[in-house]
Amino acid sequence: MKRMDRYDELMSLSVRKGFIWPTADLYGGFAGFYDYGHNGALMKRRLEDLWIDYFLHLGEDYYLIDTTSILPEASLKASGHVEHFTDILVTCTKCGENCRADHLLEEATKKSYEGIPPQEIDKLLAEHKIRCPKCKGAFAPSKPFHMMFPLMVGPMGKDPAYLRPETAQGVYINFKREFEALRRHLPLGLAIVGRAFRNEISPRQGTYRMREFIQAELQIFFNPKTFDSSIAFDDVQSSELLVARADKKDQGGADRATCSELVKSGLPLFYVYHLAKVQDFFLKELAVPADRFRFAELGEGERAFYNRIHFDMEVKQDSLGGFKEIGGVHYRGDHDLTGHQNTSKVSQTVTIDGETFIPHVLELSFGIDRMFWALLDAKYEKVKTEKGERYVLHLPPKIAPTQVAVLPLLGKDGLPEKAMPIYEQLAKEFKCFYDEGGSIGRRYARMDEIGTPYCVTIDHQTLQDGTVTIRERDTAAQKRPASSELGPIIGKLLSGQAKFESLP
RNA sequence: GCGGCUGUAGUCUAAUGGCAGGACUUGAGCUUCCCAAGCUCACAACGCGGGUUCGAUUCCCGCCAGCCGCACCA
């Protein structure tokens, strides 16, 4: 299927069924912003909960914290964002072309102008006689373009601040507090699931590049000399990872390499271990097909200067034209804590077993909205039937917005009266949907399309012996337990403790 | 941000300088003993603003949004 056809198909599902749509589309939309509807909000919440449950169990001292979306300028100066998250743009007075001033200077002089002060730019451009690369026109005075949204806080607006461009800084500036509160243990994991904001020049491709988006990030603080020895590497050493090294990732696919092989190739043991855990999350928890997942290594010139090692998680999405980044695993060294120590003048060193050092950071960073969309792309399937075709959203049961539907086979003969108490009972425990309108096939199809994993049907036999049918979404197979056992059965099916085919 | 294309019910689409039509969906009812069956009825749209015109969904301009290409994405 062509990319846009698939994209339109998914966006149509999203809009029709209450997953996601453009913010303020009542007013024509708002580029780079999306709202979640009732199914989308539930699914997103479940995805976040699954992420939290999985990643906080990677270590003993791993916790969720929650920090503000607005940060004072000083903290973002220390992180480098005020300086490096700004592009100096110059506009051609003749053809209107926008260019990055530092790139023009670098091209002309072959020197780096990373983070050059804006007031220097115009002078330098004039000195080197740089003109528009397209039409040779002259440039208007340069303007800084800030990827961060600036705010003026307080009644006089005198306190400069920004909407956070990433959640990570909330963790770094709270590290010392949590290190004390959690009684000076390393490794220490601190996670945030929350919103981040970037004033993208050109938001495109739906939820792929948004101006307000949700990150799930785990920052692991550790002693680089001892971290490897605390890792249970035996658990993963023979696991195969799907990896595209920097020189090969343009070819589109991925190679399989065991964790041991990757360590032999020079990657740190702790780093490979966490790659394995991240891959398990995608393949086992989210059930992304193996041929749609890979780690893509970022080479020297592609990664930020402070990232010593950087692999992105990528999921192949037909709606976006191939493998697209969902998140990254970044070994950031002591860059962040050192930066905050230098600016705040508060020591970020720790002393453990007589050794004093600044902890290193391994960052596991995920875009929730991107994962959300990738799941729709990977799981929404057109299925041919005898009479035509229908759509099934094969979401993992843990992520499905509605978990079970209760459906009387007919809207008469006392079946609704029998079904209602069953629904009320299940609704105490699960997100449960009741529907008695229209043919049973139509109601199954409706549930299939929003990914409801199980449907319970009340028929005439129920009136006689109290049994009901449970129908599984992906196979349409049915089982027939007593209605009194439904609660425990569905609970086990949803949590993965029981398999449908092994039900009696 | 630049250039090109586009914008009609929830979705997909038709036509038109003079009452905007259909299909699917949705809702109500009938029917129906397990996978979008059938019948009846109903709800529901010209992205926003301005201009030309007796009259604009249609032509023109601006804006917004989407797509493609470029640029951008520490």
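Straight-line distance between the P atoms of B/C67 and B/U13: roughly 16 Å, to the nearest whole Å. Comparing the P positions of B/U11 and B/A45 gives an interatomic distance of 12 Å, to the nearest angstrom. On the P atoms, B/A44 is 41 Å away from B/G3, given to the nearest whole Å. For B/U6 and B/A14, the P atoms lie 14 Å apart once the distance is rounded to whole Å. Between the P atoms of B/C33 and B/G66, the separation comes to 49 Å (whole Å).
Taking the six-membered ring where the residue is Trp, the centroids of A/Tyr331 and A/Tyr271 are separated by 6.0 Å or more. Between A/Tyr7 and A/Trp373, the ring center distance clears the sub-6.0 Å criterion. Between A/Tyr162 and A/His81, a ring centre-to-centre spacing not shorter than 6.0 Å is recorded. Remark: aromatic rings of A/Tyr36 and A/Phe372 are close, center separation under 6.0 Å.
In this structure, the CE atom of A/Met147 is 8 Å from the C1' atom of B/C72, given to the nearest Å. Rounded to whole angstrom, the span from the CG atom of A/Asp8 across to the P atom of B/C24 amounts to 22 Å. The NZ-C1' distance, from A/Lys17 to B/U25, rounds to 7 Å in whole Å. Between the CE atom of A/Met148 and the P atom of B/A74 there is a distance of 13 Å, given to the nearest Å. With rounding to whole Å, A/Glu9 atom CD is found 13 Å from B/U13 atom P.
The CD atom of A/Gln461 lies 11.5 Å from the CG atom of A/Leu409; values are rounded to the nearest 0.5 Å.
Judged by distance alone, with hydrogens and angles left aside, A/Asp459 brings a side-chain donor or acceptor within reach of the base of B/C34, the pair sitting under 3.5 Å. Remark: the A/Thr469 side chain and the B/C34 base include a donor-acceptor N/O pair separated by less than 3.5 Å.
Relative orientation of the A/Tyr423 and A/Tyr434 rings is tilted, given thresholds of 30° and 60° on the angle between their planes.
Comparing atom distances between the A/Arg390 side chain and each of B/C35, B/U11, B/A74 picks out B/C35 as nearest. Distance from the side chain of A/Lys412 is smallest for B/U32 among the nucleotides B/A36, B/U32, B/U26. Side-chain proximity of A/Thr457 to B/U11, B/G1, B/C34: nearest is B/C34. Nearest to the side-chain atoms of A/Leu410 among the listed nucleotides B/A36, B/G10, B/C33 stands B/C33. When the nucleotides B/C33, B/G10, B/C35 are ranked by their closest atom to the side chain of A/Tyr444, B/C35 comes out on top. Closest contact between the side chain of A/Ile201 and the listed nucleotides B/C35, B/U32, B/C72 involves B/C72.
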Could I get a table of every N or O pair under 3.5 Å where one atom is in the protein and the other is in nucleotides 62-67 of chain B?
residue	atom	partner	partner atom	Å
B/A65	OP1	A/Ala31	N	3.4
B/A65	O4'	A/Gly28	O	2.9
B/C67	OP1	A/Gln205	N	3.4

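In this structure, the side chains of A/Glu297 and A/Lys249 stay at 4.5 Å or more apart for every pair of heavy atoms.
A donor atom on one side chain and an acceptor atom on the other are found under 3.5 Å apart for A/Tyr444 and A/Thr457.
Note on A/Ser439: a side-chain N or O is less than 4.0 Å away from OP1 or OP2 of B/A37. A/Arg446 has a side-chain polar atom (N or O) that falls below the 4.0 Å cut-off from OP1 or OP2 of B/U26. In this structure, A/Arg442 reaches the B/A37 phosphate: one of its side-chain N or O atoms is under 4.0 Å from OP1 or OP2.
Heavy atoms of other residues, nucleotides or ligands lying less than 6.0 angstrom from CZ of A/Arg308 number more than 12.
For A/Asp435 and A/Arg442, the salt-bridge test fails: no basic side-chain N is under 4.0 Å from an acidic carboxylate O.
Within residues 472-485 of chain A, the residues approaching RNA chain B are A/Ala476, A/Gln478, by heavy-atom distance under 4.0 Å.
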